[in-house]
Amino acid sequence: MPQAVISGTGLYQPPHIITNAELVEAFNAYAQAHNATHADAIARGEQVALTSSSVEFIEKASGIKQRYVIEKAGVLDPARMRPKFEERADDQLSLMAEIGVDACRKALAAAGRTGADVDAIFCAASNMQRAYPAMAVEIQQALGAGGYGFDMNVACSSATFAIEQAVNAVRAGGVKCALVVNPEITSAHIEWKDRDCHFIFGDVCTALVIESADSAVSADQWEVLGTKLATQFSNAIRNNFGFINRSEDSDPLARDKTFRQEGRKVFKEVVPMAAAHIEAHLAAMHLEPTQVRRFWLHQANLGMNQLILKKLVGAEAGGDLAPLVLDTYANTSSAGSVLAFHEHHADMKPGDLGVICSFGAGYSIGSVVLRKA
Ligand SMILES: CC(C)(COP(=O)(O)OP(=O)(O)OC[C@H]1O[C@@H](n2cnc3c(N)ncnc32)[C@H](O)[C@@H]1OP(=O)(O)O)[C@@H](O)C(=O)NCCC(=O)NCCS
């Protein structure tokens, strides 16, 4: 069976930064205007007044200091509170495909490959811009790739679940060179009017080249020693947006048509699940967590990652063992753990072990054990 390696990574970084201060200022202006408009109903007890957000809370509760977004003005407009994108014609590249192509081109260049070398594309993200044709097929055409492509969604675990598909395709021999691409336009699925979650997400797109070790030419290769995926149903993270909505005559802007979560519940339930998952995956490969040089964990919450690390190796997360990117990028959904890998692997030595691990809605957890070749 051919060995699969990760041979290149790429990142699309959006052009705009929103700091916590800017975010809180916009939210508080929105809340103030909302409360003024609904003052009578609030006074009669028919509506609850919105309370203000704060920079201190956001940084302390999450570790997030800023986020990147594709469009900023609409998000920070208290009269709008969502990005403003132009609808594109059918013959134009879609927004998801556009940022996907950018990240893929960078990953291919890092791997010493071109689009013509690619024979499978897995476009994996927590939201899809349309039902079909698949964004993966659009990206395939734009890159001049062959083979096949499809879209897949496993929420925040989309990337690790796609890595397993790509690795299996390479190992089975039918695919020589695959792309896993994670265009996460989270700014369009988050409810910027809800102070409980308005600070959580940011936009990016990551891409990975996964190919057969026999023919890989990159100077920076990572053997995929194993992958392990798991799901367990939970309603604690949910988004009801979907194609049935119009037949239900439901309001497309209703709160349940964007990201919702019971943050504290998620925190408490997912931390032990993720730690046990990684431990079991490593144990099945006769490895101890202390043998792992670096953990590239899902980037949802600083405290979550610290607790997972504590359970695994009894150490604080951050810095060298489990680098954080969420302070700069916020939660970029499925792209987060790949982004941590992209930014923090250059210093590692041949033979070093690492684990990419994502966790999120479903619940879903995916881990990928790597060794620097
Ligand atoms: C979302 C998260 C950061 C919230 O942190 P938390 O410590 O759990 O905070 P809580 O939601 O319990 O809120 C604590 C208090 O702060 C308040 N609060 C919430 N948002 C606030 C804000 N933006 N500004 C100020 N106060 C805020 C709450 O209303 C609550 O007030 P109360 O104690 O009077 O009821 C945290 O739960 C988390 O990261 N969970 C992990 C899940 C996750 O991020 N998943 C994403 C998908 S993988």
Side-chain angles (χ1 to χ4, degrees), residues 1-13 99-124 136 139-140 142-149 152 158-183 204-227 292-296 323 334-358 366-373:
M1 225 186 253
Q3 172 67 42
V5 292
I6 295 178
S7 56
T9 63
L11 170 69
Y12 161 81
Q13 190 183 63
I99 66 172
V101 167
D102 183 84
C104 284
R105 287 212 168 108
K106 290 170 181 162
L108 288 167
R113 293 283 178 213
T114 68
D117 298 318
V118 173
D119 44 20
I121 298 178
F122 304 90
C123 177
I139 294 168
Q140 176 193 24
L143 293 173
Y148 65 91
M152 51 180 285
S158 299
T160 51
F161 276 57
I163 290 171
E164 180 168 289
Q165 308 319 306
V167 166
N168 286 348
V170 168
R171 282 190 181 149
V175 166
K176 275 279 189 202
C177 179
L179 275 166
V180 168
V181 53
N182 318 108
V204 294
C205 180
T206 49
L208 294 170
V209 177
I210 297 178
E211 59 181 322
S212 173
D214 304 342
S215 47
V217 294
S218 169
D220 182 28
Q221 294 182 32
W222 294 80
E223 295 169 70
V224 182
L225 300 184
T227 56
V292 175
R293 172 73 183 78
R294 189 156 291 158
F295 293 89
W296 301 283
S334 77
S337 52
V338 177
L339 176 51
F341 174 67
H342 170 81
E343 295 216 329
H344 297 280
H345 72 258
D347 60 318
M348 289 174 68
K349 307 270 179 311
D352 279 351
L353 296 174
V355 176
I356 295 177
C357 181
S358 66
S367 53
V368 181
V369 180
L370 301 176
R371 183 170 55 206
K372 168 89 176 149

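No experiment lies behind these values; they were computed from the predicted model shown. One is the number of the first residue; the rest follow in order along the sequence.
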How about [X] and [Y]: do any of their side-chain heavy atoms sit closer than 4.5 Å?
X	Y	value
Val209	Leu179	yes
Glu211	Val217	no
Cys357	Ser337	no
Leu11	Lys106	no
Thr9	Thr206	no
Phe341	Leu208	yes
Lys176	Ser215	yes
Val338	Val180	no

| query | What about the rings of His345 and Trp222, do their centers lie closer together than 6.0 Å? | reply |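 Close enough - the centres of the two rings lie under 6.0 Å apart.
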
Item to check | Test applied, side chain to side chain contact (heavy atoms under 4.5 Å, CB included); reference residue, Leu370; option that passes from Ile163, Val224, Leu353 | outcome: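 Testing Leu370 for a side chain to side chain contact (heavy atoms under 4.5 Å, CB included) against Ile163, Val224, Leu353 leaves exactly one candidate, Val224.
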
May I ask you to decide if [Y]'s main-chain N or O and [X]'s side chain share a donor-acceptor pair within less than 3.5 Å?
X	Y	answer
Arg113	Ser7	no
Gln140	Gly147	yes
Asp119	Cys177	yes

Which atoms form the tightest heavy-atom contact between [X] and [Y], and what is the distance?
X	Y	answer
Arg171	Gly226	NH2-N, 4.5 Å
Ala110	Ser218	O-OG, 3.7 Å
Pro2	Val170	CG-O, 3.5 Å
Gly354	Val292	CA-CG1, 4.0 Å
Ala169	Tyr148	CB-OH, 3.9 Å
Val204	Ala335	CG2-CB, 3.6 Å

[atom1]/[X] to [atom2]/[Y] distance, rounded to the nearest 0.5 angstrom?
X	Y	atom1	atom2	answer
Glu164	Ser367	CD	OG	9.0 Å
Asn182	Ser334	CG	OG	4.0 Å
Lys372	Ile6	NZ	CD1	11.5 Å
Cys205	Gln13	SG	CD	12.5 Å
Asp352	Arg293	CG	CZ	5.5 Å
Cys104	Ile139	SG	CD1	5.5 Å

side-chain contact (heavy atoms from CB on, under 4.5 Å) between Val167 and Ile210: does it pass, once the steps are laid out? CA-CA 7 Å; Val167 166; Ile210 297 178; 4.1 Å; yes

